[in-house]
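Working notes, structure below.
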2 protein chains.
Amino acid sequence: MQLSKATPKSERKKALDEYILKKRLKSTKQRDIIFDEFFNYPGQHVTVEELYEKLKKQNPKIGYATVYRTLKLFKECRLAFERNFGDGRARYEPVKFEGEHHDHLICIGCGRIIEFANLRIEQYSREVAKLNDFEVLNHKLELYGYCSSCTRKRDK
Amino acid sequence: MQLSKATPKSERKKALDEYILKKRLKSTKQRDIIFDEFFNYPGQHVTVEELYEKLKKQNPKIGYATVYRTLKLFKECRLAFERNFGDGRARYEPVKFEGEHHDHLICIGCGRIIEFANLRIEQYSREVAKLNDFEVLNHKLELYGYCSSCTRKRDK
DNA sequence: GTAATATTGATATTGAATTTCAATTTGTGA
DNA sequence: TCACAAATTGAAATTCAATATCAATATTAC
Ligand SMILES: [Mn+2]
Ligand SMILES: [Mn+2]
Ligand SMILES: [Zn+2]
Ligand SMILES: [Zn+2]
């Protein structure tokens, strides 16, 4: 299905339900609960562990493996991105709208992450791919450094 | 020390020796052996395991931990890059000359890796950083997709 | 409802990265 | 050359996130 910009939750739910139907998977309480928690999670780029801890408060019986598998499912049906910022644990974030793409500035001081999308960069990436006869499916651009407040602290 | 473009091995060796002196580390046979093997390694982007296996043939007594630690040392003194292409194992490659930087096209079909450097992309990255008041120290751009021969195979 | 199939969650396993530690090697300076 | 302090080595143990296992349970199609 087509997700419009700033996909409301109901549309996401529909997309998930369609995927479950298509793949002959099953709707479960757990998937609903994790769905709600994930798409309402206040922070960006949550780890499995973080989401699991949050979920356990309301649902002490939920298992880590289920959270892990459900986030993989969201990724599979393109409702979530999996990210790896080099700290050795995968992070997940909702896809904001169908086909969305963005990249990241990552502060190595405080861990702050800023998202951006730059058309020029995308354009030149495509050029590089073409030049090398590559069919690019996705890409990852991460800028590592210090955010303004960490720069200030360091200058002192 | 300043490395000139296409740093010859002797210059790299000097740089390493200087770093060892500065940090009050010690010169060892093992470090020399690993140095030789790493900077002469025929493939790009070698894993610790791969280099270790190669080294063991001539030096059965060398330990995995030593190879691991020595590659970290090369990284520390900026003679090597550590890469992570998403297959769960770190890879190392020689820095070609001081301050060198390049990015990667990665074939998810056959694992082929093509290196590139694109000044425009670097330039726009800097712009993005500036816009967000970020002091960027390094960045990583990876384009994932299919190389020409894998595209051909898939089209059949 | 029944049967087939998928899911769950506790637990075990995997595998790369990293640490530990006793034995050894190296650099320093008398 | 010698002795001491400090760093290094290599085998083995540990860590830790990711993933697999599997019996019990839940869901779906008929
Ligand atoms: Mn993001
Ligand atoms: Mn490279
Ligand atoms: Zn910061
Ligand atoms: Zn290929």
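Chain identifiers are assigned alphabetically (A, B, ...) following the order of the sequence lines, protein sequences preceding nucleic acid strands; residue numbering begins at 1 within each chain.
Think of the region where chain B sits on DNA chain C: with heavy atoms and a 4.0 Å cut, that region ends 5' and 3' at C:dA16 to C:dG27.
Classification of A:E127 and B:R120 as a salt-bridged pair fails, no side-chain N sitting under 4.0 Å from a carboxylate O. No salt bridge links B:E82 with B:R91; every basic N to acidic carboxylate O contact stays at or beyond 4.0 Å. A salt bridge does not link B:E98 with B:R78: every distance from a Lys NZ or Arg NE/NH1/NH2 to an Asp or Glu carboxylate oxygen is 4.0 Å or more. Salt-bridge formation is detected for the pair A:K56/A:E53: a Lys NZ or Arg NE/NH1/NH2 atom is positioned less than 4.0 Å from an Asp or Glu carboxylate oxygen.
A donor and an acceptor atom never sit less than 3.5 Å apart when one is taken from the side chain of A:K29 and the other from the base of D:dA26.
Phosphate proximity of D:dA7 to B:T28: absent, as no side-chain N or O sits under 4.0 Å from OP1 or OP2.
B:S27 comes within 4.0 angstrom of the backbone, heavy atoms only, and of no base.
Using cut-offs of 30° and 60° for the angle between ring planes, the A:F74 and A:F39 rings count as tilted.
Cation-pi contact between A:R83 and A:F81: present, with separation from the ring centre below 6.0 Å and deviation from the ring axis of at most 45°.
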Go along nucleotides 10-20 of chain D 5' to 3' and tag each nucleotide: B for a protein heavy atom under 4.0 Å from its base, S when only backbone or sugar atoms are that close, - otherwise. BB-----SSBB
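Rounding to whole angstrom units, NZ of residue B:K26 and P of D:dA7 are separated by 6 Å. What separates CZ of A:R31 from P of D:dA26 is a distance of 15 Å, to the nearest Å.
Rounding to the nearest 0.5 Å places CD1 of A:I33 at 6.0 Å from CD of A:Q30.
Among pairs with a residue in residues 104-116 of chain B, those fulfilling salt bridge (charged side-chain N to carboxylate O under 4.0 Å, His left out) read B:K96-B:E115, at least two apart in sequence or across chains.
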